[in-house]
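Have a look at the structure below, then the notes.
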Amino acid sequence: MTRSEFDDIRAHIAAEDPRSGGLLEIARELLDDLEQARMRESLLRTYYLGLLTAARATVAADMAGDSSPMTFLEHELGKHGQMPSGEQIERILSDARTAQALLACLGEPAAPRRSVPARLGGRCVGVARKLRG
């Protein structure tokens, strides 16, 4: 939705009969929420494009034999306060390994599920135990 479309909707709401105030107020709030979500989406797209561009430039610099290919990526991460340091490094690497393993599992066909015996009827049951006497 463009800025002018938001303005047109606001003008339409403002021209409505003020006696239906409750509904108009809800419409205004929903429109404001939608506009804020749209702005956040635009900002995230901009950050993503910057990060993607930096990643591609880093790989290209590495392939070209640049002496410091990480410069592009380090600059982009530093610009947004995302450079890892200290104990974050191991956690980030662990998270990345876990994410790769999970993504690899998504590509595999699911294991067939065992059918539940009819006598259990889908209930959770435990092992029968006797009290010691």
Side-chain angles (χ1 to χ4, degrees):
M1 200 175 250
T2 64
R3 182 78 179 144
S4 63
E5 289 172 318
F6 281 110
D7 292 340
D8 291 345
I9 293 170
R10 278 200 173 77
H12 183 72
I13 291 172
E16 287 295 318
D17 185 3
R19 288 179 288 178
S20 51
L23 290 176
L24 291 177
E25 188 57 35
I26 291 171
R28 282 187 198 98
E29 288 177 22
L30 288 173
L31 187 62
D32 288 343
D33 290 348
L34 180 61
E35 190 171 19
Q36 287 176 5
R38 187 78 171 150
M39 292 299 292
R40 282 191 304 267
E41 179 190 8
S42 296
L43 187 61
L44 288 173
R45 285 178 184 264
T46 302
Y47 288 161
Y48 173 76
L49 181 60
L51 185 58
L52 180 62
T53 302
R56 293 183 74 207
T58 298
V59 170
D62 184 52
M63 293 172 96
D66 191 301
S67 61
S68 56
M70 296 295 288
T71 303
F72 300 104
L73 198 51
E74 289 172 350
H75 173 74
E76 189 64 26
L77 291 174
K79 191 165 64 172
H80 298 289
Q82 295 295 317
M83 280 296 288
S85 62
E87 61 189 41
Q88 290 178 329
I89 294 171
E90 283 305 314
R91 184 175 42 87
I92 289 169
L93 291 173
S94 175
D95 289 348
R97 286 185 202 104
T98 302
Q100 283 181 331
L102 289 172
L103 287 173
C105 289
L106 286 176
E108 297 174 4
R113 298 185 132 230
R114 296 184 326 192
S115 62
V116 177
R119 64 182 173 81
L120 299 179
R123 296 177 293 140
C124 292
V125 294
V127 177
R129 297 183 184 174
K130 295 184 181 182
L131 296 175
R132 293 183 189 167

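For the residue pair E76 and A54, the shortest heavy atom distance occurs at CB-CB, 3.7 Å. For P69 against D62, the heavy-atom pair with the smallest separation is CB-N, 3.5 Å. Residues M70 and T58 come closest through the heavy atom pair SD-CG2, 3.7 Å. When all heavy atoms of Q88 and M83 are compared, the closest pair comes out as OE1-O, 4.0 Å.
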Item to check | Worked check of side-chain contact (heavy atoms from CB on, under 4.5 Å) between Y48 and L52 | outcome: CA-CA 6 Å; Y48 173 76; L52 180 62; 4.1 Å; yes
Next on the checklist: Quick one, E41 with R45, criterion salt bridge (charged side-chain N to carboxylate O under 4.0 Å, His left out). Give me CA distance, side-chain angles, the key distance, then yes/no.
Outcome noted: CA-CA 6 Å; E41 179 190 8; R45 285 178 184 264; 3.0 Å; yes
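Between atom CE of residue M39 and atom CG of residue L44 there is a gap of 11.5 Å, rounded to the nearest 0.5 Å. Between the CG atom in L102 and the CG atom in D95 there is a gap of 10.5 Å [rounded to 0.5 Å]. Within the model, atoms CD of E5 and CG of L34 stand 10.5 Å from one another, a figure rounded to the nearest 0.5 Å.
Under the 4.5 Å side-chain contact rule for hydrophobic residues, L51 and V59 do not share a cluster. Residue L77 is not grouped with residue L93 when hydrophobic side chains (ILVMFWY) are merged at heavy-atom distances under 4.5 angstrom, including chains of intermediate members.
The closest donor-acceptor contact from the side chain of E29 to the backbone of I26 lies at 3.5 Å or more, if one exists at all.
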